[in-house]
**Student:** 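Below: one structure in structure tokens.
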Amino acid sequence: MRVIKAALLGFGTVGQGVYEAVRTHREQLKEKLHAEVEIAAVLIKNPRKKRNIDSSVLVTTDFREVLAIPGLEVVFEAIIGEEPGFSYCLQAIEKGCHVITANKVMFARYGNVLLEKAKEKGVFVGYEATTAGGIPVIRTISQQLQVNDIQRVQAILNGTSNFVLSAMREKHLPFEEALEIARQHGYAEADPGNDVKGQDAFCKLMILSRLVFGTQPDWEKVEVEGIGGLSLADIERADRQGLRYKHIADIYRDGGTLKASVKPVLVPPEHALYAVEGVNNAITIYGSLIGKITLTGPGAGKFPTASAMIEDFAAGYRPVPQLDAVS
Ligand SMILES: NC(=O)C1=CN([C@@H]2O[C@H](COP(=O)(O)OP(=O)(O)OC[C@H]3O[C@@H](n4cnc5c(N)ncnc54)[C@H](OP(=O)(O)O)[C@@H]3O)[C@@H](O)[C@H]2O)C=CC1
Ligand SMILES: N[C@@H](CC=O)C(=O)O
């Protein structure tokens with residue numbers, strides 16, 4: 001059977017999720033792709049950390065060793081920040097590898113460059129995992145809403161912030177304690193400031209903006225506010241009034257310009273995002289034909305994110321299924 005050689009960049013929450021998913025779903029991958037998937041290399045930063053990685057896998061801190069692997073076809077990128085993530089993805093594409101990334105900070109800024117380069121090189125770039133964890137929002141928009149004119153997207157895009165708000169309201173936990181639990185679950189970023197100050201949701205909104213509207217608003221003009229200004233008393237008072245604070249990313253066209261904001265909003269029970277709790281994310285899309293739909297599901301964490309990456313991988317390798325295909 002043919003072997004698809006892949007490399008993993010990063011072996012944290014997401015990288016380990018992909019590594020384990022390739023093992024636990026080996027049979028499903030074989031059946032769908034008619035190929036074995038081999039993780040041939042794992043790139044990490046700290047060579048002294050103990051890791052549970054098979055001894056046949058190259059574990060290295062040197063990306064050149066990864067790229068030098070003969071027959072390498074796919075790079076899963078799950079490291080932190082714009083660089084070196086962007087340079088690594090670009091080099092992988094230039095070498096003719098498919099790239100699947102979870103790195104939204106990098107992709108919000110450089111997504112276009114990578115997608116253009118991938119087109120030129122005849123490879124694919126999967127970025128489902130960058131936005132809303134396991135929810136297939138990128139594929140839903142790009143494949144199932146191609147004809148609809150999308151007028152607006154309103155979403156909860158940060159699992160950590162939503163988890164913290166829920167834990168404060170439901171369990172009356174102080175902010176710091178709720179955030180620490182989110183961190184222990186692997187939901188939070190390496191720097192959780194990016195979650196609770198709104199930057200993570202901002203990056204995801206910019207990725208959606210490019211996909212939906214073909215462009216992004218001026219980053220400087222987007223109002224970005226995190227949940228840090230909300231006290232337990234604020235949240236409990238809202239609850240007594242039958243309202244909930246939700247951290248909402250919103251984008252819509254206003255004449256010729258895109259208006260976007262990322263901030264806590266007080267919502268009533270009839271709002272589509274009111275009942276979204278814990279680590280879940282949700283995306284409400286307003287389309288010209290479909291009307292209003294809301295996609296909901298886990299927005300962060302090891303396996304939901306790995307699911308998005310593995311599904312990108314499978315979708316990239318499989319021909320587009322016919323409408324009546326059953327397998
Ligand atoms: N956690 C989540 O639920 C989600 C995370 N993401 C994104 O996925 C990416 C990874 O997140 P997560 O797994 O949580 O992060 P972690 O902090 O758990 O892991 C990061 C991994 O990247 C490695 N790394 C960091 N910098 C470098 C570098 N310069 N060179 C090589 N390796 C490097 C680290 O190496 P070492 O182990 O040696 O420290 C570590 O293995 C991030 O971009 C994040 O925004 C996306 C969706 C969900
Ligand atoms: N830190 C992020 C992880 C997923 O993108 C979040 O909490 O949503």
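We count ligands from 1, going down the list as the structure has it; atoms in each ligand are counted the same way. All figures in this text were calculated on a predicted structure; none of them were measured in a lab. Just so you know, these numbers use all the heavy atoms, side chains as well, and skip hydrogens, waters and symmetry mates.
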**Student:** K104 versus ligand 1: do any nitrogen or oxygen atoms come within less than 3.5 Å of each other?
**Tutor:** yes
**Student:** Using the ring centroid of each side chain, check whether F76 and F313 are separated by less than 6.0 Å.
**Tutor:** yes
**Student:** Does atom CZ (R2) have a neighbourhood of more than 12 heavy atoms from anything else shown, all under 6.0 Å?
**Tutor:** yes
**Student:** Can you find an N/O atom of V14 closer than 3.5 Å to an N/O atom of ligand 1?
**Tutor:** yes
**Student:** Indicate the ring-plane relationship of Y19 and F11, choosing parallel, tilted or perpendicular according to the 30° and 60° boundaries.
**Tutor:** perpendicular
**Student:** If you measure from each heavy atom of G133 to ligand 1, is any distance below 4.0 Å?
**Tutor:** no
**Student:** Taking both backbone and side-chain atoms of K104, is any N or O found less than 3.5 Å from an N or O belonging to ligand 2?
**Tutor:** yes
**Student:** Determine whether any heavy atom of R51 lies closer than 4.0 Å to an atom of ligand 1.
**Tutor:** yes
**Student:** Closest by any non-hydrogen atom to atom 39 (O) of ligand 1: pick that one out of K49, K45, R183, K204.
**Tutor:** K49
**Student:** Report, in ascending order of atom number, the atoms of ligand 2 lying under 4.0 Å from any heavy atom of E189.
**Tutor:** 1 (N), 2 (C), 3 (C)
**Student:** Which of the atoms in ligand 2, numbered in the order shown and given with their element, are less than 4.0 Å from a heavy-atom of G159?
**Tutor:** 6 (C), 7 (O), 8 (O)
**Student:** Give yes or no for whether the N/O distance cutoff of 3.5 Å, strictly under, is met between A300 and ligand 1.
**Tutor:** no
